[in-house]
Amino acid sequence: MNKDWAEKNKQIQALLGKKATYAEGIQLLLELRQELFTQVTYIVNGFPAEAFYRMPYANAKGYHSKTLAYSIWHIFRIEDIVAHSLIQGDEQILFAGDYQKKIGTKCITTGNELQGEQIADFSKELNISVLYEYAREVMQSTDELLRTMEYSQLHRKFDEADKERLRKTGCVSKDEEAVWLIDYWCGKDVLGLIKMPFCRHWMMHIEAMQRIKNRLCRLARKGIDPIAYCGFSCNHCFLGQWCGSCRTNYNACSFATCFPDKVCPNAACCQAKNIDGCYECEELEACTKGFYTPENDGANAAKAQAMFIKKYGKKAFLTVHDRLHERYDFAKTQEILGKDMYEGLKILENTYESK
């Protein structure tokens with residue numbers, strides 16, 4: 001499990017257990033949930049439709065054997081059911097917002113009963129953008145519940161009447177892979193539910209989603225030119241595990257995802273001009289398009305790299321990057337190349353010429 005998340009979860013568990021630190025624990029939990037949900041947002045914003053029903057670890061044992069779409073559905077159906085049908089006793093977001101119809105599925109369960117190809121088929125039918133809206137609304141609703149929950153309410157327990165109410169919703173399958181959930185949830189008090197479905201359950205499945213998307217990115221990039229249109233090296237990018245490169249449909253570049261069509265203007269420009277990259281363009285040094293926008297912190301570092309490729313070629317560029325990463329500890333190239341494209345070019349050239 002992600003060490004940072006695990007440490008925060010450990011702190012949250014301890015803080016929530018004491019009245020004096022309960023409010024601090026809730027605040028930390030809300031912050032962790034936002035951090036985790038950001039991971040979901042990155043995936044939804046950066047990946048093509050096919051990514052959400054592919055199963056790169058189909059035969060594995062673990063949460064990563066599922067799909068990205070299933071994972072989102074499963075996390076937030078459980079939270080919706082537990083927060084509303086069990087704890088608050090009101091209408092679930094799925095029904096109140098008519099999300100079942102808008103998402104495009106007949107399913108209302110947690111999905112525990114689905115296996116193998118059933119998961120892939122189920123995932124294909126989901127409207128991912130609407131599923132994301134549903135997930136966000138469920139999260140926001142639960143966050144409000146957490147903000148208003150009093151410490152004195154934490155040890156409330158559930159009984160047979162609560163179990164029967166859950167059964168009547170039809171939201172938990174009678175399949176042996178799912179039916180145990182009702183006893184599991186009702187065997188906890190409110191504090192126990194906050195710790196698991198609202199916290200650790202997210203961590204386990206979102207970490208599994210990261211494994212799935214990392215594998216999909218590696219598969220997408222196999223045999224693909226590792227040099228981005230703008231001149232970055234995908235092999236050395238800090239987003240390397242997230243992004244399949246702008247030369248594939250798995251383009252999760254942090255800059256590309258800022259645009260509604262998820263296409264970087266530099267990539268679009270190169271494709272329109274039928275050139276391999278910005279390093280083949282005569283307007284390179286004066287260009288202010290896309291990533292080269294002057295206000296962009298990494299603009300000149302990116303341009304310096306494209307200028308180097310223009311002068312020395314891609315093979316030399318990758319060699320230089322290998323050397324830079326051997327010598328320095330950095331995540332973003334502007335940390336080494338600075339904000340002057342000519343000075344950045346000199347650094348690259350000096351590194352190339354050194355032994």
Side-chain angles (χ1 to χ4, degrees), residues 46-48 217-328 330-354:
F47 284 71
C217 280
R218 289 195 296 271
L219 292 172
R221 285 179 56 190
K222 191 173 182 179
I224 297 296
D225 186 346
I227 307 297
Y229 286 104
C230 66
F232 270 118
S233 167
C234 296
N235 288 349
H236 301 89
C237 180
F238 73 105
L239 286 172
Q241 288 189 316
W242 273 100
C243 184
S245 106
C246 52
R247 298 184 187 275
T248 75
N249 288 332
Y250 287 78
N251 180 19
C253 166
S254 58
F255 192 74
T257 54
C258 292
F259 296 88
D261 59 2
K262 302 176 187 177
V263 176
C264 172
N266 298 86
C269 181
C270 290
Q271 291 166 2
K273 291 182 176 180
N274 196 28
I275 58 176
D276 189 60
C278 298
Y279 37 83
E280 291 188 350
C281 183
E282 295 180 356
E283 303 172 24
L284 172 61
E285 292 184 43
C287 182
T288 57
K289 292 179 181 177
F291 202 83
Y292 297 154
T293 301
E295 293 77 22
N296 182 21
D297 182 54
N300 287 312
K303 195 175 290 187
Q305 293 175 97
M307 290 163 64
F308 182 90
I309 295 171
K310 189 181 187 76
K311 190 173 181 179
Y312 298 95
K314 294 180 179 180
K315 184 177 180 180
F317 174 65
L318 293 174
T319 297
V320 167
H321 249 296
D322 284 340
R323 290 176 183 174
L324 286 174
H325 279 267
E326 286 174 1
R327 297 176 186 178
Y328 305 101
F330 66 98
K332 300 180 180 181
T333 52
Q334 58 263 41
E335 295 173 9
I336 299 298
L337 302 184
K339 298 185 178 182
D340 183 289
M341 60 180 162
Y342 299 108
E343 288 300 319
L345 177 59
K346 284 182 181 180
I347 293 172
L348 292 169
E349 290 178 325
N350 291 337
T351 304
Y352 181 53
E353 293 168 0
S354 65

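- Atom CD of E283 sits in a sparse spot, with 12 or fewer heavy atoms from other residues, nucleotides or ligands closer than 6.0 Å.
- For CG of N274, the number of neighbouring non-hydrogen atoms (other residues, nucleotides, ligands) closer than 6.0 Å is 12 at most.
- Residues P226 and H321 form no side-chain contact, since every pair of their non-hydrogen atoms from C-beta on lies 4.5 Å or further apart.
- Side-chain atoms of N249 do not come within 3.5 Å of backbone N or O of P48 as any donor-acceptor pair.
- The shortest side-chain heavy-atom distance between Y292 and P265 does not fall under the 4.5 Å cut-off.
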Full working for side chain to side chain contact (heavy atoms under 4.5 Å, CB included) between Y250 and L219: CA-CA 10 Å; Y250 287 78; L219 292 172; over 6 Å; no
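- Atoms NZ and CG, on K289 and L284 in that order, are 11.5 Å from each other to the nearest 0.5 Å.
- Distance CD1/I275 to CD/E282: 9.5 Å, rounded to 0.5 Å.
- Taking all atoms of both residues into account, the shortest heavy-atom contact from C217 to G244 is SG-N, 3.6 Å.
- Side chain of K273 to backbone of E280: no donor-acceptor contact under 3.5 angstrom is found.
- Here C264 contributes atom SG and N251 contributes atom CG; the two are 7.5 Å apart, rounded to the nearest 0.5 Å.
- In this structure, S245 and C234 have side chains that are in contact, with non-hydrogen atoms separated by less than 4.5 Å.
- Note that CG of N266 is 4.5 Å distant from SG of C278, once rounded to the nearest 0.5 Å.
- Atom NZ in K303 sits 7.0 Å away from atom OG1 in T288 (nearest 0.5 Å).
- For V320 against Y352, the heavy-atom pair with the smallest separation is CG2-CB, 3.4 Å.
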Side chain to side chain contact (heavy atoms under 4.5 Å, CB included) between S354 and R327, intermediate numbers included: CA-CA 12 Å; S354 65; R327 297 176 186 178; 2.9 Å; yes
Evaluation steps, side chain to side chain contact (heavy atoms under 4.5 Å, CB included), between F317 and Y279: CA-CA 12 Å; F317 174 65; Y279 37 83; over 6 Å; no
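- For residues 229-239, the side-chain hydrogen bond (donor to acceptor under 3.5 Å, both in side chains) pairs, not counting sequence neighbours, are R221-N235, Y229-Q271, S233-H236, H236-D322.
- Smallest separation of non-hydrogen atoms from D276 and R247: O-NH2, 2.8 Å.
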Residue pair N300, L337: steps toward the side chain to side chain contact (heavy atoms under 4.5 Å, CB included) verdict: CA-CA 8 Å; N300 287 312; L337 302 184; over 6 Å; no
For residues 341-349, dump all side-chain donor-acceptor pairs below 3.5 Å to protein atoms at least two apart in sequence or in another chain.
from : atom 1 : to   : atom 2 : distance (Å)
Y342 : OH     : E285 : OE1    : 2.8
E349 : OE2    : K311 : NZ     : 2.9
E349 : OE2    : Y312 : OH     : 2.9

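- To the nearest 0.5 angstrom, K310 atom NZ is 7.0 Å from C281 atom SG.
- Using a 4.0 Å cut-off between a side-chain N of Lys or Arg and a carboxylate O of Asp or Glu, K314 and D225 qualify as a salt bridge.
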